There are 2 protein chains.
Amino acid sequence: MAHGIDDVARAAGVSTATVSRALRGMPNVSAKTREHVLSVAAEMGYRASPLASALASGRTHTIGLLTPWVNRWFFSNVIEGAERALREVGFDVLLYSFAVSENGRTPRVDPDVLRRRVDGILVVGLPLEDTEVRSLETLGKPIVFIGSGSSDHPIVGIDDVRLSVEAVRYLRSLGHRNIGHITGTPDDLRRWTPPVDRRTGWLTALEEAGVEADPRWEEFGFFDIDGGKESARRLLERSPEITALFVASDEMAMGALLAARECGIRVPEDLSIIGVDGHEISELVGLTTMSQPVVAQGATAAALVLDLIAGRPVDQHVVFDAELVVRGTTGAPREGPLRVVNPAL
Amino acid sequence: MAHGIDDVARAAGVSTATVSRALRGMPNVSAKTREHVLSVAAEMGYRASPLASALASGRTHTIGLLTPWVNRWFFSNVIEGAERALREVGFDVLLYSFAVSENGRTPRVDPDVLRRRVDGILVVGLPLEDTEVRSLETLGKPIVFIGSGSSDHPIVGIDDVRLSVEAVRYLRSLGHRNIGHITGTPDDLRRWTPPVDRRTGWLTALEEAGVEADPRWEEFGFFDIDGGKESARRLLERSPEITALFVASDEMAMGALLAARECGIRVPEDLSIIGVDGHEISELVGLTTMSQPVVAQGATAAALVLDLIAGRPVDQHVVFDAELVVRGTTGAPREGPLRVVNPAL
DNA sequence: CTGTTAGCGCCTTCAC
DNA sequence: GTGAAGGCGCTAACAG
């Protein structure tokens, strides 16, 4: 049942070298020989052992996918996109979830685990410390980042500054001027550029409008629903002059929505909220958001590593567009101050 | 930089066989030799090539993880649990997402892709057709299922019938008798046992109470938020005598929550809702649910394949307990009929 | 306990 | 265009 290459060679009446060449579509095989070998191999159900092939050739046809989380929206979608794209061209995906330490310390990556196992590396989501990038580089394999990453290596992502400017401009176009911002804690993820850039975009767009951003208009918290909820609660209690919120992720925006509801604040009548991501749930909740393609980012990154492996030239920076999706959480600013009914829950 | 086993052997003044034995902790090496080899190897930064090792030994130290989705709650959490557990013991995870065809047809798995690449297989989430299981079996490697699967192979999961009985009993204990059920469409996933079993549990618990389940009390739809929303809308409009809903997943339950809100139905004053899963968002939404461990299911399944690979005996069925988590969406039944304010949205 | 010797299954120069 | 032969880097008998 489990045939080897020489079984095929014997059955086809040729040498193993010819079988190998024919099966991989190499040029120096006559058309009729190739056809014959192919049919014999197919008939026998022969498939070359990926291990033996990898050992002999040095190419594993495998990509290492490094990610801190597989169970979060952005990450799992990017992974799905990358996996599909790679499998389509016969590449395998080795999944490595490396832990982000609780205390906000460096995520630890062990390059030895990848040594001689992969042809290329995809780093999804978090940028690595310089030392970690260096250690990965010792593997001598192409590396592509998604989300944000290291210079020296291609990055696939979105233009966070621009998308944020656009979001805030949209709020302004509705008449808002006192626009707050909720984002993730910069301590834990200092090198994670999206939050930084989104904040920059917020500031920029306010400046454009001649509005001076009050430091009391921004709030940091965890980058999830709960974090968004807490941040929103603090923010709304502290700065009742705010009429709209630009929130750096949909999950945090949903938290803000919950906080508003608990405080008796109507959305969008009393408060407008816009998020970033295009999370599926946003659609159901009716959240206005800047939607980013995620599966496509994964697929594109996959294509980039493959290009690098093949020695083709690639762009160092692939930027996807985010798209404003207007739904029910944004509207004209209210008149008068905000009445917070039950801030302490 | 990239040393081979004979570099180490030479440097340590022993044979390659001894190096191999020492490094893998085999018994027949003297303590001092082993120590010496280990230190030399460490000093040289030597790591055996997994490929060469796999080729020579027939063991790849790799597990193939088959899943239809990596970006859905249950799946991504199971994957995360399995990956962590496997990596801890030095096993790699090859990720294979096989498409579930749109029209509800058989998911397609190609065993050839896994041939000679893995020591064992984890099937996450969906059961395979018998023919597919057979084809996987030709690989001659242990297979473990998670969620629901094929007999003949170990399954890790929860007791869906029991958990559902418990959920409905809880609603009864609050005074409910007219308890509806929302679940997933059985056409698409006929072999997917959880929905079937949860429905059975619902019927059983009603019967226990001497309540005859009206067929109009149940509704099928897609197994996600949107599906739950649609199902709830239809159900509430049609059967206003219902005072509580047992929903087969948290995501569908959240959809039901949204539907209720849009219809002007207060939860839990007018309607009680209980879900199944223990989704993170449920906590924030205040959804009462039967919470199941997911990461643990992944980790346990991983342990099972490893046991099978090692030739250890294993249980054919590992059942985890689901736990009732009471939150804000369940309460005493209302008096009188349900008033649906705006059923068409 | 340790060394020697064949492979594992394929790829890849190098001749022809 | 095709074949022969030597690895790729390690493991696994088999001796000793």
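All values below were derived from every heavy atom in this structure, side-chain atoms included, with hydrogens, water molecules and symmetry-related copies excluded. The sequence lines fix the lettering, A, B, ..., with proteins before strands; numbering per chain opens at 1. Just so we're clear, the structure is a prediction, and the values are computed from it rather than from any experiment.
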Measure the shortest side-chain to side-chain distance between B:Val109 and B:Leu128 over non-hydrogen atoms and say whether it is less than 4.5 angstrom. yes
Does a side-chain heavy-atom distance below 4.5 Å link A:Arg134 with A:Glu137?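 Side chain of A:Arg134 against side chain of A:Glu137, heavy atoms only: contact under 4.5 Å found.
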Out of [options], whichever nucleotide has its closest atom nearest the side chain of [X]:
X	options	answer
A:Tyr46	D:dA4, D:dG1, C:dC10	C:dC10
B:Ser20	D:dT11, C:dC1, D:dT2	D:dT11
A:Ile5	C:dT2, D:dA13, C:dC11	C:dC11
B:Val14	D:dG3, D:dC10, C:dG3	C:dG3
A:Ala17	D:dG3, D:dT11, C:dG9	D:dG3
A:Leu55	C:dC10, D:dC10, D:dC8	D:dC8
A:Ala56	D:dG9, D:dA12, D:dG7	D:dG7
B:Ser30	D:dA12, C:dC1, C:dG9	C:dC1

Flag the pair [X] and [Y] as a salt bridge only when some basic side-chain nitrogen lies within less than 4.0 angstrom of an acidic carboxylate oxygen.
X	Y	result
A:Arg87	A:Glu83	yes
B:Glu80	B:Arg84	yes
A:Arg117	A:Asp112	no

All heavy atoms of B:Val70 vs all of B:Ser97, minimum pair found to be CG1-CB, 4.3 Å
Kindly give the heavy-atom pair with the smallest separation between B:Phe91 and B:Ile63, and that separation in Å.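 Where B:Phe91 meets B:Ile63 most closely, the heavy atoms are CD2-CG1, 3.7 Å.
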Indicate whether OP1 or OP2 belonging to [N] is found under 4.0 Å from a side-chain N or O atom of [X].
X	N	answer
A:Arg24	C:dT12	yes
B:Thr18	C:dG3	yes
A:Ser15	D:dT2	no

Taking only nitrogen or oxygen atoms into account, show me every contact under 3.5 Å that the protein makes with nucleotides 14-16 of chain C, one pair per line with its distance.
none

Considering heavy-atom distances to DNA chain C, does B:Ala31 or A:Leu51 have its closest nucleotide positioned more toward the 5' end?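 Nearer the 5' end of the strand: B:Ala31.
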If you assign each of A:Ser57 and B:Lys32 to its closest nucleotide in DNA chain C, which residue comes earlier from the 5' end? B:Lys32
Provide, to the nearest angstrom, the distance between the NE2 atom belonging to A:His36 and the P atom belonging to D:dG1.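 From A:His36 NE2 to D:dG1 P: 18 Å.
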When the C1' atoms of the five terminal pairs at each end define the local axes, what inter-axis angle does the helix from C:dC1-D:dG16 to C:dC16-D:dG1 show, to 10 degrees?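 About 30° separates the two local helix axes.
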Using a heavy-atom cut-off of 4.0 Å across all strands, would you classify B:Arg59 as base, sugar-phosphate, or nothing?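 B:Arg59: backbone/sugar contact only, no base atoms under 4.0 Å.
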Under 4.0 angstrom, heavy atoms only, what part of the nucleic acid is B:Ala48 near: base, sugar-phosphate, or nothing?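 Contact class for B:Ala48: sugar-phosphate only.
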Is it the case that A:Ser20 and A:Arg24 place a side-chain donor and acceptor less than 3.5 Å from each other? yes
Donor-acceptor side-chain pairing of B:Thr18 and B:Ser15 below 3.5 angstrom: yes
Have a look at B:Trp69 and tell me which of B:Phe98, B:Phe75, B:Phe223 forms a ring pair (Phe, Tyr, Trp, His ring centres under 6.0 Å) with it. B:Phe75
